[in-house]
Protein chains: 2
Amino acid sequence: MVISLKDVAERAGVSVKTVSNVVNGYRHVTPATRQRVQQVIDELGYRPNLTARHLRKGRTGIIALALPELGNPYFAELADAVISYAAGLDYIVLLDHTNGRRDQEVLFAQGFRARLIDGLILSPIELENEDLLARGHDAPLVLLGEREYEAPYDHIAIDNVTAARTATQHLLDLGRRRVAFIGARHGRARQTAHLRLRGWREVMAESAALEGDGHGLVATTDGYTREDGAQAMARLLDSGASPDAAFCYNDMVAIGAMRTLTERGLRVPEDVAVIGFDNIEDGRYCSASLTTIAPHKQGIAQAAVDALLARLDGGEEARHAEPRHVRPGFALVRRESTLGRP
Amino acid sequence: MVISLKDVAERAGVSVKTVSNVVNGYRHVTPATRQRVQQVIDELGYRPNLTARHLRKGRTGIIALALPELGNPYFAELADAVISYAAGLDYIVLLDHTNGRRDQEVLFAQGFRARLIDGLILSPIELENEDLLARGHDAPLVLLGEREYEAPYDHIAIDNVTAARTATQHLLDLGRRRVAFIGARHGRARQTAHLRLRGWREVMAESAALEGDGHGLVATTDGYTREDGAQAMARLLDSGASPDAAFCYNDMVAIGAMRTLTERGLRVPEDVAVIGFDNIEDGRYCSASLTTIAPHKQGIAQAAVDALLARLDGGEEARHAEPRHVRPGFALVRRESTLGRP
DNA sequence: ATGAAAGCGCTAACAC
DNA sequence: GTGTTAGCGCTTTCAT
């Protein structure tokens with residue numbers, strides 16, 4: 001049988017209000033009453049019905065985190081950070097995945113799970129600006145990741161162009177000249193890959209390492225899996241390119257690319273230096289541990305949750321405050337894959 | 001402004017019941033009424049308040065999945081499978097992590113988030129039998145993973161001993177004799193590591209490959225990270241052992257162990273063949289791609305969700321039916337790390 | 001086929 | 001300090 005506040009009240013001979021006060025730690029309750037009520041609560045094994053509380057309060061204390069996929073360790077690690085940080089602030093995180101599909105992302109942006117969640121942190125891949133503008137309600141939304149939108153929402157993302165410049169420069173500093181970029185994407189000008197490609201292109205052009213627009217050194221992929229990286233590197237090599245370094249869209253792509261290099265008898269870093277992006281755990285345990293750009297995941301998680309909760313807990317003004325754009329930091333983590341030539 | 005059923009009803013000139021009927025796809029509504037109501041719904045952008053619905057129905061359609069950690073790709077991939085499968089059955093999954101700590105696991109088992117979730121799938125690490133017996137309520141619970149309990153709950157786990165035997169036998173079939181086991185744990189007789197260790201020990205003893213109890217070939221770890229695997233292998237080698245193969249508790253440990261082998265100048269598989277457990281994605285992209293035991297993750301996810309929903313949706317009888325013990329299958333996936341000697 | 005009204009369990013005004 | 005009571009928004013008998 002399910003025990004409600006009322007049952008406890010009757011058994012303890014007090015009103016539901018008093019029981020509620022005890023449950024919620026309200027200060028003005030006489031110790032005697034509190035103790036008696038608490039005893040009945042323990043006896044009966046009463047547990048508050050969160051759903052009822054949520055309905056009454058108009059809030060659930062649940063925020064959703066919609067990520068493309070959990071299979072990518074970067075997102076899994078990020079999810080971990082968000083869940084932990086939010087838990088410390090007494091918020092529950094509902095984790096969802098969109099598979100990076102526009103229809104799913106739109107669903108979330110449109111308020112899927114309305115009033116089950118108080119707000120949403122969304123990491124979009126295919127979502128368009130118009131989808132955001134067409135949002136029919138005002139539940140707080142925080143955008144995560146590198147796509148840029150012209151819509152009034154908080155946005156948390158590291159500076160991808162600068163990060164990509166840092167990565168490329170690092171390769172150049174090693175004395176490498178033919179630095180390939182693995183993981184370009186077709187379409188959508190604002191996509192992350194373009195930002196990273198831009199950083200690469202800028203540095204390459206400035207250092208005069210680039211001839212023409214560098215087409216011969218850029219490999220596109222369909223996605224960002226290890227397999228995509230392996231295939232892209234294979235295509236690049238088959239096309240006759242002979243890079244002495246590679247800046248990869250992310251660590252997964254880099255791991256795949258390194259795999260191909262090894263299979264072709266090319267050594268990392270002696271023949272080809274490789275740098276990734278994301279700093280996923282696996283990278284540290286590759287045959288040549290992977291140098292990478294490490295976005296500050298804790299910082300990203302905290303900024304996202306803080307931005308959301310500021311609107312949630314900040315009253316009416318905060319709810320309609322100017323959108324924040326937060327740029328958490330990043331670091332270059334040097335490992336074996338970019339050691340200098342012996 | 002927030003739109004409720006009542007608002008729609010007033011605007012459409014019907015009762016809330018009728019609107020509710022339309023929203024829920026109740027059959028007996030005249031097409032004309034349905035259309036008019038639907039139009040108002042679209043106009044006003046009405047979305048049902050799930051919390052209210054949940055309170056009224058006494059069910060939320062949310063099930064919790066409590067895993068030790070998301071940082072381990074095995075759990076991330078499993079979570080992915082559970083979320084997807086449950087979504088197809090119109091259930092929402094609330095993902096939580098326990099960090100493998102007993103107090104957290106107890107919290108979940110005790111009914112943390114009572115009546116926010118309809119049921120729980122828990123993958124325990126440190127939870128004890130008594131914790132389960134002390135459960136003060138009857139919300140459906142499904143246990144996941146290899147620890148065995150004597151408590152009346154559904155349990156989904158592959159046959160670890162047989163799987164471990166398969167892995168060990170594979171190594172022996174390669175002609176290896178000094179097969180190490182990396183990742184034993186102290187304490188708790190029922191823990192997974194013991195089951196896998198038992199499988200190893202049985203096969204080794206049967207083949208007479210084992211001298212004594214094999215202490216010299218068993219390395220314990222504190223956890224199951226890559227770092228644990230790297231250190232354990234280092235200790236083993238430092239102790240003077242010279243294994244020609246290693247069966248590792250899981251892929252993470254195996255990856256760490258391979259890293260140490262490489263650093264010590266030992267080749268995989270030529271000098272030491274390595275096999276892991278879990279079939280995580282990374283394993284395919286190691287310097288020597290990793291041979292592993294692949295638990296049928298889809299099968300595990302489905303069995304767990306099915307078991308839970310059977311009790312949730314099956315009425316009173318189902319709720320108190322005998323506990324199910326499901327043993328999803330597994331497969332040996334051969335890759336480079338156990339290729340035969342050239 | 002549609003409406004009226006009760007009530008899920010809780011919190012928060014407002015009394016006393 | 002504690003009790004009374006009115007809903008939060010929805011579904012669901014029970015009428016009509």
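A note on names: the letters A, B, ... follow the listed sequences, proteins ahead of strands, and every chain is numbered from 1.
- Residue B/R56 has its side chain nearest to C/dA6 when only D/dG1, C/dT2, C/dA6 are considered.
- One finds a side-chain N or O of A/T33 lying less than 4.0 angstrom from the OP1 or OP2 phosphate oxygen of D/dT2.
- Minimum atom distance to the side chain of B/R53 is reached by D/dT11, of the listed D/dT11, C/dT2, D/dG9.
- The shortest distance between side-chain heavy atoms of B/I156 and B/V142 falls below 4.5 Å.
- Residue A/S20 has its side chain nearest to C/dT11 when only C/dT2, C/dT11, D/dG1 are considered.
- Looking at heavy atoms from C-beta onward, B/L70 lies in side-chain contact with B/L95 at the 4.5 angstrom threshold.
- Here C/dT11 presents its C1' atom at 13 Å from NE2 of A/H54, a figure rounded to the nearest Å.
- In this structure, the side chains of B/H97 and A/S84 come closer than 4.5 Å at one or more pairs of heavy atoms.
- Counting only heavy atoms from C-beta on, B/N24 has its side chain closest to D/dT11 among D/dT11, C/dT2, C/dT11.
- A/K6 has its NZ atom 16 Å from the C1' atom of C/dT11, to the nearest Å.
- Side-chain proximity of B/A52 to the nucleotides D/dT2, C/dT11, D/dC10 is greatest for D/dC10.
- Residue contacts shown for B/T51 are absent, as no nucleic acid heavy atom lies under 4.0 Å away.
- Taking CG of B/L144 as the reference point, atom CG of B/D154 lies at 11.5 Å (rounded to 0.5 Å).
- Taking side-chain N and O atoms only, A/S4 has no distance below 4.0 Å to OP1 or OP2 of C/dG9.
- Remark: of the listed residues B/E148, B/H155, B/H325, B/H155 is the sole one forming a side-chain contact (heavy atoms from CB on, under 4.5 Å) with B/L143.
- As a whole-Å value, the separation of A/L55 CG from D/dC10 P is 9 Å.
- B/I41 contributes atom CD1, which lies 10.0 Å from atom CZ of B/R34 (distance to the nearest 0.5 angstrom).
- Separating the NZ atom of A/K17 from the C1' atom of C/dC10 is a distance of 12 Å, rounded to the nearest angstrom.
- Of the N and O atoms on the side chains of A/D278 and A/Y224, not one donor lies less than 3.5 Å from an acceptor on the other residue.
- Taking atom CG of residue A/L5 and atom C1' of nucleotide C/dG7, one finds them 15 Å apart after rounding to whole Å.
- Five base pairs at each end of the helix from C/dA1-D/dT16 to C/dC16-D/dG1 define two local axes, and these are offset by 30° (rounded to 10°).
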